[in-house]
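Each remark here refers to the structure printed beneath this line.
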Amino acid sequence: MKIIFVGPTLPEAEDLVPPDVEVRGPAKHTDILAAVTDGATVIGLIDGNFEDVAPIWHKEILFSLSQGVRVYGSSSMGALRAAECAAFGMIGIGKIYSRYVSGELVDDSDVAQIHGPREMNYVSLSEPLVNVLATLDDLLLRRELDHADYDSLRTSAEMIFFKERTYRAIVANADLPDHLSRESLTVLLRTNAINQKRLDALELLKAIAAADDRRVQVPTDWTFTSTRQWRKIL
């Protein structure tokens with residue numbers, strides 16, 4: 001059984017996966033443990049809840065790996081946990097994961113965003129920093145932005161609280177020359193926006209689809225330890 005946890009990063013995931021892949025909503029505490037108990041052989045973690053509920057424990061991922069379950073992560077909570085658990089066998093996918101592994105990104109909020117409920121197709125209400133950086137990098141590479149404006153916009157984006165980060169807010173708070181049209185710059189950013197979280201999630205879907213639907217040999221270089229706190233959730 002292959003299971004993917006995803007929500008706002010890829011709302012239409014159910015239409016993109018083969019029949020042997022089960023799509024569940026953003027993961028919260030104990031959801032990965034439940035997936036293993038349900039018989040999962042491969043798990044893909046993309047989105048996870050974190051603010052009003054307890055997030056996915058690293059211990060759940062380690063338990064999964066200790067049972068021979070392959071665990072992949074990308075895009076959002078998945079990229080974070082993959083960077084943190086790579087040494088134990090979790091497989092990270094995509095540019096966002098790579099940025100966390102390299103140390104270029106360190107803050108959990110760099111992938112955070114606010115969005116509507118599932119009933120509203122998780123409509124996005126803010127821009128995650130990782131998507132903003134991908135957009136700015138691309139515009140700089142294509143010389144649609146000069147280095148000074150790029151630096152000002154990046155600094156502005158990094159300083160805005162994740163719930164309030166929109167392209168309009170980024171431009172409004174950036175230290176830019178007076179002659180530059182902020183309205184035109186906002187349009188430039190929006191029309192050229194790169195959704196890096198989505199691109200990484202699509203990579204993960206391909207990896208899950210290609211993976212064998214079976215558990216693998218359990219790790220031999222480390223041992224899962226059942227602590228008192230762990231036993232409380234069993």
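Quick caveat: nothing in here was measured; it's all calculated off a predicted structure.
Counting non-hydrogen atoms of neighbouring residues, nucleotides and ligands closer than 6.0 angstrom, the CG atom of Asp213 exceeds 12 such neighbours. Within 6.0 Å of atom CZ in Arg182, more than 12 heavy atoms from other residues, nucleotides or ligands are found, so the atom counts as buried in its surroundings. No more than 12 heavy-atom neighbours from other residues, nucleotides or ligands sit within 6.0 angstrom of NZ on Lys95. Few gaps surround CZ on Arg142; more than 12 heavy atoms of other groups in view lie less than 6.0 Å from it. No more than 12 heavy atoms of other residues, nucleotides or ligands sit less than 6.0 Å from atom CE of Met159.
When side chains are defined from C-beta on, Trp230 does not count as touching Thr225, because their heavy atoms never get closer than 4.5 Å. The shortest distance between side-chain heavy atoms of Lys197 and Gln113 falls below 4.5 Å. Counting only heavy atoms from C-beta outward, the side chains of Val6 and Leu205 never approach each other to under 4.5 Å. When side chains are defined from C-beta on, Trp57 counts as touching Gln229, because their heavy atoms get closer than 4.5 Å. Side-chain contact check for Leu139 versus Tyr150: every heavy-atom pair is 4.5 Å or farther apart. By the 4.5 Å heavy-atom criterion applied to side chains, Val42 and Ile4 are not counted as neighbours. Side-chain contact between Leu133 and Leu105: present, with at least one pair of heavy atoms (C-beta onward) separated by less than 4.5 Å. In this structure the side chain of Lys59 never reaches within 4.5 angstrom of the side chain of Ile233, judged on heavy atoms.
The pair Glu84-Arg81 meets the salt-bridge criterion, with a side-chain N (NZ, NE, NH1 or NH2) lying under 4.0 Å from an Asp/Glu carboxylate O. Salt bridge Glu183/Arg168: present, at least one basic N to carboxylate O contact under 4.0 Å. Salt bridge annotation for Asp200-Arg99: absent, with no cationic side-chain nitrogen under 4.0 angstrom from a carboxylate oxygen.
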### Task
Take Ser156 and Asn173 through the test side chain to side chain donor-acceptor pair (under 3.5 Å) and record every step on the way to the result.
CA-CA 6 Å; Ser156 174; Asn173 288 279; 5.0 Å; no
### Query
Taking it one step at a time, do Thr41 and Arg215 satisfy side chain to side chain contact (heavy atoms under 4.5 Å, CB included)?
CA-CA 5 Å; Thr41 59; Arg215 296 192 179 186; 4.0 Å; yes
#### Entry: side chain to side chain contact (heavy atoms under 4.5 Å, CB included) assessment of Asp47 paired with Tyr122
CA-CA 12 Å; Asp47 292 314; Tyr122 298 108; over 6 Å; no
### Query
Between Leu129 and Asp107, is a side chain to side chain contact (heavy atoms under 4.5 Å, CB included) present by the stated rule, with each step listed?
CA-CA 10 Å; Leu129 183 63; Asp107 199 316; over 6 Å; no
### Stepwise side chain to side chain contact (heavy atoms under 4.5 Å, CB included) test for Asp137 and Ile194
CA-CA 10 Å; Asp137 289 347; Ile194 293 177; over 6 Å; no
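Under a hydrophobic clustering in which Ile, Leu, Val, Met, Phe, Trp and Tyr are joined whenever their side-chain heavy atoms come within less than 4.5 Å, directly or via other members, Leu33 and Ile56 fall into the same cluster. Hydrophobic cluster membership is shared by Leu140 and Leu188, with clusters built from Ile, Leu, Val, Met, Phe, Trp and Tyr side chains linked at under 4.5 angstrom. In the hydrophobic clustering of this structure, Met77 does not group with Val53; members are Ile, Leu, Val, Met, Phe, Trp, Tyr whose side-chain heavy atoms approach within less than 4.5 Å, directly or through other members. When hydrophobic clusters are built by joining Ile, Leu, Val, Met, Phe, Trp and Tyr residues whose side-chain heavy atoms come closer than 4.5 Å, directly or via intermediates, Ile96 is not grouped with Ile91. Following chains of ILVMFWY side-chain contacts shorter than 4.5 Å, one can reach Ile93 starting from Ile46, so the two form part of one hydrophobic cluster.
In this structure a side-chain-to-backbone donor-acceptor pair under 3.5 Å is missing from Lys163 to Ile114. Listed for the Arg154 side chain is no donor-acceptor partner under 3.5 Å among the backbone atoms of Val132. Put simply, the side chain of Asp212 never gets that close to the backbone of Arg214: no donor and acceptor are under 3.5 Å apart. No donor-acceptor pair closer than 3.5 Å links the side chain of Gln196 to the backbone N or O of Ala134. Distance alone, capped at 3.5 Å, is enough to place a donor-acceptor pair between the Arg165 side chain and the Ala157 backbone. With Asn131 contributing its side chain and Asn195 its backbone, the two residues share no donor-acceptor pair below 3.5 Å. Judged purely by atom type and a 3.5 angstrom limit, Ser76 has no side-chain atom pairing as donor or acceptor with the backbone of Gly78. The backbone N or O of Thr166 lies less than 3.5 Å from no partner atom in the side chain of Glu127, so there is not a single donor-acceptor pair.
Of all heavy-atom pairs spanning Ala211 and Lys2, the tightest one is O-NZ, 2.6 Å. The heavy-atom pair separating Val218 from Ser66 by the smallest distance is CG1-O, 3.1 Å. Closest heavy-atom contact between Thr135 and Asn192: CG2-O, 3.7 Å. Nearest heavy atoms, Ala79 versus Tyr100: CB-CD1, 4.4 Å. Val36 and Ser64 get closest at one heavy-atom pair: CG2-OG, 3.1 Å. Val111 and Val130 get closest at one heavy-atom pair: CG1-CG1, 3.8 Å.
Interatomic distance, Ile208 CD1 to Arg70 CZ, rounded to the nearest 0.5 Å: 9.0 Å. Here the CG atom belonging to Asp149 is positioned 12.0 Å from the CD atom belonging to Glu144, to the nearest 0.5 angstrom. Interatomic distance, Leu199 CG to Leu10 CG, rounded to the nearest 0.5 Å: 10.0 Å.
A tilted orientation is assigned to the rings of Phe162 and Phe50, their planes being inclined by 30° to 60°.
Remark: Lys28 fails to qualify as a cation-pi partner of Phe5 under the 6.0 Å distance and 45° angle criteria applied to the six-membered ring.
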